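Here is the structure we will look at, set down as structure tokens.
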Protein chains: 2
Amino acid sequence: MTAAPRKKAASAIATQTGRSERLDTRMLESLVGYNARRAWLAVSTVFAERMTAYGLKQVDFSVLSLLAHNPGATSRQLCATLDILPPNLVSLISTMDSRGLIERRPHPYDGRAIGLYLTPAGEALVREAERTVVELENEASERLTARERETLIRLLQKVYR
Amino acid sequence: MTAAPRKKAASAIATQTGRSERLDTRMLESLVGYNARRAWLAVSTVFAERMTAYGLKQVDFSVLSLLAHNPGATSRQLCATLDILPPNLVSLISTMDSRGLIERRPHPYDGRAIGLYLTPAGEALVREAERTVVELENEASERLTARERETLIRLLQKVYR
DNA sequence: TATTGTTATACTCTATAACTATA
DNA sequence: TATAGTTATAGAGTATAACAATA
């Protein structure tokens with residue numbers, strides 16, 4: 001998300017010779033995958049900006065939010081839910097722990113597993129962060145009616161669920 | 001995309017204690033960004049699998065497809081269109097060149113720029129790859145009607161364009 | 001024997017700074 | 001002075017193999 005688009009380019013002429021400023025993207029824009037990625041990229045850029053205030057990346061937010069609604073979830077469950085690999089969750093969890101946002105408690109009847117819980121500080125942070133994300137989402141889907149937004153989400157879930 | 005989901009988990013009981021297999025993801029699933037990413041991930045996994053036959057990654061396909069419809073486009077134009085940074089395009093382009101898929105010709109009236117063109121081999125490959133991608137897209141959006149698919153794409157574009 | 005969490009490590013993707021040659 | 005393309009490099013993000021403790 002760096003590329004600075006030019007002013008406008010008075011084209012309409014030389015598409016054939018390929019020297020116009022804007023390229024013909026009709027093929028790519030006919031693909032669900034391409035559009036989903038672009039939309040995600042647009043939202044996630046704003047997401048990343050706003051979350052720096054909380055010191056959270058996207059995965060961090062996902063993990064904390066999941067723990068807010070699923071106290072005692074294990075690393076394994078988080079990995080399965082978010083499609084991330086166990087080794088890549090370790091440092092994330094231990095950072096959250098160091099920051100005093102989460103707590104690790106031994107699992108009641110599985111000695112291998114560790115239950116993860118938000119601390120009061122963690123809960124307060126998630127509450128704020130979730131509010132910001134909802135705000136941000138409303139801005140991002142500003143050009144959609146509430147009904148269109150629901151439809152969009154429903155159709156996206158039809159693709160991946 | 002490695003996490004292997006369990007058989008099913010006969011839960012419905014202990015959501016409160018957080019020991020059920022599946023986690024409550026309703027918060028995340030209410031977000032456009034989250035759903036767009038999941039949908040893209042689902043499509044892109046299949047995409048990556050099928051494109052190995054052509055030795056192409058996602059970016060490779062985007063670049064070749066753009067060149068098919070925009071002969072003579074420059075690196076700068078590709079970067080602006082696909083939101084990739086110039087340094088990251090260099091090795092991609094030079095690999096395509098080595099593979100005999102594209103050709104670099106000096107730009108007619110800007111000595112700094114280089115026009116990029118598909119070779120006949122490149123054109124043949126793109127034709128095949130584009131057919132495969134369209135097939136794959138239809139499979140991925142199998143659970144959508146043609147009308148729903150159009151709606152989905154239109155709404156996604158409303159978010160990022 | 002399989003699973004949870006972990007370490008170490010490698011590979012890919014993306015980003016930044018600085019150079020060259022043209023404009 | 002600014003832009004197109006390039007080099008080198010640094011930092012995220014994602015992946016694999018192997019281990020200890022527990023089931």
Side-chain angles (χ1 to χ4, degrees), chain A residues 1-7 9 18-19 21 23 37 40-41 44-45 47-49 51-52 55-63 72-97 102 104-116, chain B residues 1-7 9 19 21 37 40-41 44-45 47-49 51-52 55-63 72-97 102 104-116:
Chain A
M1 298 304 281
T2 309
R6 282 288 187 81
K7 279 115 200 179
R19 231 164 301 117
E21 196 60 26
L23 299 180
R37 179 162 192 279
W40 167 68
L41 215 63
S44 82
T45 301
F47 191 106
E49 285 166 11
M51 284 300 112
T52 54
L56 299 179
K57 294 180 213 163
Q58 294 180 59
V59 207
D60 301 326
F61 172 80
S62 297
V63 166
T74 66
S75 289
R76 197 209 136 274
Q77 287 178 306
L78 294 174
C79 284
T81 304
L82 296 173
D83 263 320
I84 54 186
L85 296 168
N88 300 327
L89 190 63
V90 175
S91 74
L92 192 158
I93 293 292
S94 99
T95 301
M96 297 289 179
D97 196 353
I102 66 171
R104 310 153 115 143
R105 300 187 210 150
H107 193 284
Y109 56 81
D110 185 339
R112 299 167 301 181
I114 300 168
L116 302 170
Chain B
M1 296 305 279
T2 308
R6 282 290 186 81
K7 279 112 199 181
R19 231 165 300 113
E21 196 59 28
R37 179 163 192 277
W40 167 69
L41 217 62
S44 82
T45 301
F47 191 106
E49 284 167 11
M51 285 299 113
T52 54
L56 298 179
K57 295 180 213 162
Q58 294 180 60
V59 206
D60 300 326
F61 173 80
S62 297
V63 166
T74 66
S75 289
R76 197 208 137 274
Q77 286 178 306
L78 294 174
C79 284
T81 304
L82 296 173
D83 264 320
I84 54 186
L85 296 168
N88 299 328
L89 189 63
V90 175
S91 73
L92 191 158
I93 294 292
S94 99
T95 300
M96 298 288 180
D97 197 352
I102 65 170
R104 310 152 114 141
R105 300 188 209 149
H107 194 284
Y109 55 82
D110 185 340
R112 299 168 300 181
I114 299 169
L116 301 170

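The figures that follow rest on heavy atoms only: side chains count, while hydrogens, waters and symmetry mates do not. Order of the sequence lines sets the chain letters (A, B, ...), proteins ahead of strands, with each chain counted from 1. Every value quoted in this text rests on a predicted model; they were computed, and no experiment measured them.
- Below 30°, between 30° and 60°, or above 60°: for A:Trp40 and B:Trp40 the angle between ring planes is below 30°, a parallel geometry.
- Considering only the side chain of A:Leu85, D:dA15 comes nearest among D:dA15, C:dT14, D:dG5.
- Toward the 5′ end of DNA chain C lies the nearest nucleotide of A:Ala113, the other residue of the pair A:Val90 and A:Ala113 mapping further downstream.
- In this model, the phosphate group of D:dT6 is approached by a side-chain N or O of B:Arg104 to a distance below 4.0 Å at OP1 or OP2.
- Rounded to whole Å, the distance from CZ on B:Arg105 to C1' on D:dG5 is 19 Å.
- The listed nucleotides are D:dT6, D:dA15, C:dT6; the one nearest the side chain of A:Asn88 is D:dA15.
- A straight line from CG of B:Leu82 to P of C:dT14 spans 11 Å, rounded to a whole angstrom.
- B:Gln77 contributes no side-chain N or O that, together with a main-chain N or O of A:Leu23, makes up a donor-acceptor pair within less than 3.5 Å.
- As a whole-Å value, the separation of A:Gln58 CD from D:dT14 C1' is 14 Å.
- Remark: A:Arg112 engages A:Asp110 in a side chain to side chain contact (heavy atoms under 4.5 Å, CB included) (not counting sequence neighbours).
- B:Ile114 comes within contact range of the sugar-phosphate backbone alone, with a heavy-atom separation under 4.0 Å but no base atom that close.
- The CG-P distance, from B:Leu116 to D:dG5, rounds to 7 Å in whole Å.
- B:Lys57 has no side-chain polar atom (N or O) that falls below the 4.0 Å cut-off from OP1 or OP2 of C:dT12.
- When rounded to the nearest whole Å, the span between CG of A:Leu92 and C1' of D:dA12 equals 13 Å.
- One N or O on the side chain of B:Asp60 and one on the backbone of B:Lys57 form a donor-acceptor pair closer than 3.5 Å.
- Between B:Ile84 atom CD1 and D:dA12 atom P the separation is 21 Å, expressed in whole Å.
- Atoms CG (A:Leu89) and C1' (C:dT3) sit 16 Å apart, rounded to a whole Å.
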At under 4.0 Å between heavy atoms, which parts of nucleotides 17-23 of chain D does protein reach? Answer with one letter per nucleotide, 5' to 3': B base, S sugar-phosphate only, - none. B----BS
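- Remark: A:Asn88 engages no residue in a side-chain hydrogen bond (donor to acceptor under 3.5 Å, both in side chains) (not counting sequence neighbours).
- Listed here is the closest heavy atom pair of B:Ser75 and B:Leu89: O-CD2, 3.6 Å.
- Computed from coordinates, the B:His107 NE2 to C:dA21 P distance equals 20 Å when rounded to whole Å.
- Residues B:Leu85 and B:Cys79 come closest through the heavy atom pair C-SG, 3.9 Å.
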